[in-house]
Amino acid sequence: MSKYFSKKFDALEAYVPGEQPQDQKYIKLNTNESPFDPPRAVIPVIKDQSRKLRLYSDPESRELTQAVADYYGLEFDNVMVTNGSDEALNYAFLAFADDETPVVFPEITYGFYKVIATLNNIPYEEISLRDDFTIDVREYEGIGKTICLANPNAPTGIALSLEEIEQIVRTNPDNIIIVDEAYVDFGARSAVPLLYRYDNLLVTQTFSKSRSLAGGRLGFILGAKELIDDLKILKNSTNPYNVNRMTAAAGVVTLRENTYFKNSCQSIQFNRRYTQRALEELGFRVLPSSANFLFVRTDRISGEDLYLALKEKGVLVRHFSDPKISDWVRVTIGTKTQMDVFLSKVEEIFVEQDREQSKGE
Ligand SMILES: *Cc1c(COP(=O)(O)O)cnc(C)c1O
């Protein structure tokens, strides 16, 4: 930190993204990207837009915003598209939380929430999960604060039901509820239908996971026009051309390729079940996931050692140093072939461990 760096950031600990090694030698199961390419139809439109890079993108991304609105049965004014959904979350915190209205989220959740609260000088409160890593909805009822929930939650993968989300939204009519649906397409119920009935709800989604566009950086936030208007003020005061023209065009095409999207989500769900069963047979505890990852642990090896041993064997998974979850690793669901390699490496690690132990005896 330089001596010039503002003191207001003394308490800020930046978000640490998963590793993105530049060589291709790893099977990457560490950042919840899709193992599938985007639909091929995005390539010509990206090429086409690349010829117009001299010009700024449309600050309202009108075509894309309308396409998202149509897809979810909403109006243009209910949508703002963003440079990844992280950008939307940042604006939502900035707009709807402050000293008088702190933000509340679960103690184990997406690490970025804590970072943006600190960055924006917003007090936050963390609510612990139950022992089985589920969220106790009653703790959020009528809490009178801004609430942010990832559904399914990360890194557990556990989803709340639509009824539970509605219960939280209904009992906090004077506060904003942000539901982060980064993983909703992999098997949870979306809160989007609640938007027709509640004006204190915001839903964020992303093209990074289920739509194979992580590198394009595209997300969106949905809500009542008044809330979206507030968010647009912040967006236009920060980064008016937030979505570049190639990504915006790719987004429109990606939304159109719905069969491709459904099939890729189904493959992930199939490979998730397959991997879960195989891990359970190896003695792992696996949390019930509605996302494109599994959160797993075993008594045979610590989370960190498993992460390191897998990395040594060319498979990257995610380990978190937070002591509450340091026994666990998060494994992104890839193709069946990738999952077979992952599983065989885990078995290898166990065999080597047994060999070491019998040597010691
Ligand atoms: C990946 C992720 C996001 C946002 O990703 P973007 O790439 O910025 O759209 C948001 N919330 C959760 C819980 C995530 O895992």
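Note that these values count all heavy atoms, side chains included, but never hydrogens, waters or copies made by symmetry. Each ligand, and each atom within it, is numbered from 1 in the order the structure gives. As the structure is a prediction and not an experimental result, all values here were calculated from the model.
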**Q** Does F207 reach ligand 1, in the sense of a heavy atom lying below 4.0 Å from it?
**A**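 No; F207 lies far enough from ligand 1 that no heavy-atom distance drops under 4.0 Å.
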**Q** May I ask you to check whether N175 and T146 show a side-chain donor-acceptor distance below 3.5 Å?
**A**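 No, no side-chain donor-acceptor pair sits under 3.5 Å.
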**Q** Within the supplied structure, the quantity of interest is the number of heavy atoms (other residues, nucleotides, ligands) at a distance under 6.0 Å from E63 CD; does it exceed 12?
**A**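 No, because the 6.0 Å sphere around CD of E63 holds 12 heavy atoms or fewer from other groups.
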**Q** Backbone, side chain, both or neither: what part of S85 comes under 4.0 angstrom of ligand 1, heavy atoms only?
**A** both
**Q** Is it the case that over 12 heavy atoms from other parts of the model lie below 6.0 angstrom from the CZ atom of R130?
**A**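 Atom CZ in R130 is packed in, count exceeds 12.
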**Q** Using a 4.0 Å heavy-atom cut-off, which part of F112 comes near ligand 1: side chain, backbone, both, or neither?
**A**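 The answer is neither.
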**Q** Quick test of your reading of the structure: of D180, L89, N292, N151, whose heavy atom lies closest to atom 12 (C) of ligand 1?
**A**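 Selected option, by shortest heavy-atom distance: D180.
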**Q** For ligand 1, is G219 a contact, meaning one of its heavy atoms is under 4.0 Å away?
**A**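 No, G219 has no heavy atom closer than 4.0 Å to ligand 1.
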**Q** Among E33, E181, K209, R217, which residue places a heavy atom closest to atom 14 (C) of ligand 1?
**A** K209
**Q** Starting from atom 7 (O) of ligand 1, locate the nearest protein heavy atom and write down its residue, its atom name and how far away it is, to 0.1 Å.
**A**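 Of the protein heavy atoms, S208 OG, 2.6 Å lies nearest.
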**Q** Would N292 and Y183 count as a side chain to side chain contact (heavy atoms under 4.5 Å, CB included) if you check the C-alpha gap in whole Å, the side-chain angles of each, and the deciding distance to 0.1 Å?
**A** CA-CA 7 Å; N292 67 338; Y183 300 105; 3.2 Å; yes
**Q** What I want to check is whether the side chains of D86 and Y15 have a donor and an acceptor closer together than 3.5 Å.
**A**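 Result is no, nothing qualifies.
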